[in-house]
Amino acid sequence: MRILTASARESAALAVRSLELDEESIDLISPEGLSASLRRAASFLCPAAPRELVDAVLAVLRPLHGDATPSRDDLMDQLDLLISGGDLLELRQVESLTTRLLFLGPPSYVEREPGQYLVFGVRPFGTSLVGTSLRSEVLYESQTRIIQLDPATAAAQFAALGLHEINRDRWVAKPAPIVARDLVRRLTQQVSIAGRAGDVEGLMILDPVAPVRFYRGRWRTLDGTETGDFVARRPQAYGADLWCFVRVIEGLPQQLIDFPVDHPALPGRDEAWRLQAAIDAVRQEPQIFRFRSIQNNTSHIIADFFGPIPGWAERYLELVGLAVQRADRSLFSYRVPLKAKPDLQKFLTDMLWMRVTHEGGTE
């Protein structure tokens, strides 16, 4: 038997092909490649903790990409996008309200517009979501998978493949609108009657006075001078850090509540990010998003975001736009049809109290 040696580049290209991606246009450490790797790991390991999936993917990437391997935080961020998009389901274990496990999302699709569909979900043991007949029709954009079919026959084709249709409104599953001040007041009242926080080591707070344009820079540890209520994260022995809302007096945590508060089956970060958006709006420093034009393109615009948004808002974006390479200083960006701009702007201002800016000025 003859043994052949493959270079790291050749091995990476082989890995991309095994993920049903085109190695000529997609790199293994691109958002598309990372998403596919995480889905494949999940197909063999789930139910599993988020850290298990990230560790499995890192073990494959590090020998091939060395120092260029994405960080653990980058992979966690990409995994969060798969959860918000329905590829994976995140649920608490009944016996432990703090331990969360990921499960495979059922094979499903949602209509973006007639003839264009988002497909999502993961089949076990690396099985293709859409089978060999439609595999070449799938367009990969960051964490999303889009397929175009004749709308007259699409439902029958999807049914034959075992994909179930999800209604648009049910898939977005946005919460009820609320005034920002009312949301802050409600959570403040709940933390007021919470039990004592005790000793909380490693607590990180979202600084409400830090610039809203730099999300990562808003996170910091307590310095002993803070008094107030803060969106925060606290470590646990196993699994990802927990999201919480904590009351601090002179730098010491006094009371806290863990997220989620309203919907136990949903990720805590969704409620935490919406609460922080409400806090910023009440402070009259609302979070922002930016519209900018595309050169030689009069039918689409780019929407840039500088902080994370809840999963339901991310799903709305996936319905109306496509993820694109982010601009400098933004956290993520989407290409959106110009005709969808008014509804998107209203959605973000109504649901997250955000302020829109444009190139060259503020609206």
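Hydrogens, waters and symmetry mates play no part in the numbers below; they use all other heavy atoms, side chains included.
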[X] side chain to [Y] main-chain N or O, any donor-acceptor pair under 3.5 Å?
X: Ser30; Y: Ile26; result: no
X: Glu32; Y: Ser142; result: yes
X: Arg315; Y: Val172; result: yes
X: Arg283; Y: Pro208; result: yes
X: Gln255; Y: Pro253; result: no
X: Thr188; Y: Val184; result: yes
X: Arg123; Y: Ser128; result: yes
X: Arg112; Y: Gln116; result: no

For [Y], is there an ion pair with [X] - N to carboxylate O distance below 4.0 angstrom?
X: Asp262; Y: Arg186; value: yes
X: Asp304; Y: Arg329; value: no
X: Asp207; Y: Arg218; value: no
X: Glu226; Y: Arg220; value: yes
X: Arg234; Y: Asp241; value: no
X: Lys346; Y: Asp343; value: no

Minimal non-hydrogen separation, [X] against [Y], with atom names:
X: Pro235; Y: Gly202; result: CD-O, 3.5 Å
X: Ile29; Y: Pro70; result: CG2-CD, 3.7 Å
X: Pro175; Y: Trp312; result: CD-CE2, 3.3 Å
X: Leu338; Y: Thr298; result: CD2-O, 3.6 Å
X: Ile302; Y: Ser333; result: CG2-CB, 4.1 Å
X: Pro106; Y: Leu89; result: CD-CD1, 4.1 Å

Under the criterion side-chain hydrogen bond (donor to acceptor under 3.5 Å, both in side chains), which of Glu141, Gln78, Gln143 is the partner of Ser35?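 Going through the options one by one, the only one that passes is Gln78.
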
Got a second to check how far [X]'s [atom1] is from [Y]'s [atom2], nearest 0.5 Å?
X: Asp80; Y: Asp270; atom1: CG; atom2: CG; answer: 9.0 Å
X: Asp150; Y: Gln157; atom1: CG; atom2: CD; answer: 7.5 Å
X: Glu318; Y: Leu322; atom1: CD; atom2: CG; answer: 9.5 Å
X: Asn167; Y: Glu111; atom1: CG; atom2: CD; answer: 10.5 Å
X: Arg185; Y: Leu187; atom1: CZ; atom2: CG; answer: 12.0 Å
X: Gln287; Y: Ile309; atom1: CD; atom2: CD1; answer: 10.0 Å

Scan side-chain atoms only and decide if [X] and [Y] contain a donor-acceptor pair under the 3.5 Å cut-off.
X: Thr225; Y: Asp223; value: yes
X: Arg196; Y: Gln254; value: yes
X: Asp67; Y: Thr69; value: no

Where does the angle between the aromatic ring planes of [X] and [Y] fall among parallel (under 30°), tilted (30 to 60°) and perpendicular (over 60°)?
X: Phe332; Y: Phe305; value: parallel
X: Phe158; Y: Tyr109; value: parallel
X: His358; Y: Phe291; value: tilted

Can you check side chain to side chain contact (heavy atoms under 4.5 Å, CB included) on Tyr140 and Leu19, steps first, answer last? CA-CA 12 Å; Tyr140 295 86; Leu19 294 171; over 6 Å; no

Qualifying residue, where the test is salt bridge (charged side-chain N to carboxylate O under 4.0 Å, His left out) with Glu20 and the options are Arg39, Arg145, Arg135: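 With Glu20 as partner, salt bridge (charged side-chain N to carboxylate O under 4.0 Å, His left out) holds for just one option, Arg135.
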
Under the side chain to side chain contact (heavy atoms under 4.5 Å, CB included) criterion, do Leu75 and Asp77 qualify, and how do the steps go? CA-CA 5 Å; Leu75 276 170; Asp77 289 343; over 6 Å; no

Step-by-step side chain to side chain contact (heavy atoms under 4.5 Å, CB included) determination, Glu271 to Val261: CA-CA 8 Å; Glu271 291 184 4; Val261 173; 3.5 Å; yes

A cation-pi test, strictly: NZ or CZ of Arg213 under 6.0 Å from the centre of the six-membered ring of Phe306 and no more than 45 degrees from its axis. Yes or no?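 Arg213 over Phe306 ring: yes.
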
How far apart are the C-alpha atoms of Lys174 and Tyr316, what are their side-chain angles, what is the distance that settles it, and do they pass the side chain to side chain contact (heavy atoms under 4.5 Å, CB included) test? CA-CA 9 Å; Lys174 67 178 182 181; Tyr316 181 89; over 6 Å; no

Indicate yes or no: at least one non-hydrogen side-chain atom of Ile279 is less than 4.5 angstrom from one of Trp353.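 The answer is no, as the side chains (C-beta and beyond) never meet within the 4.5 Å cut-off.
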
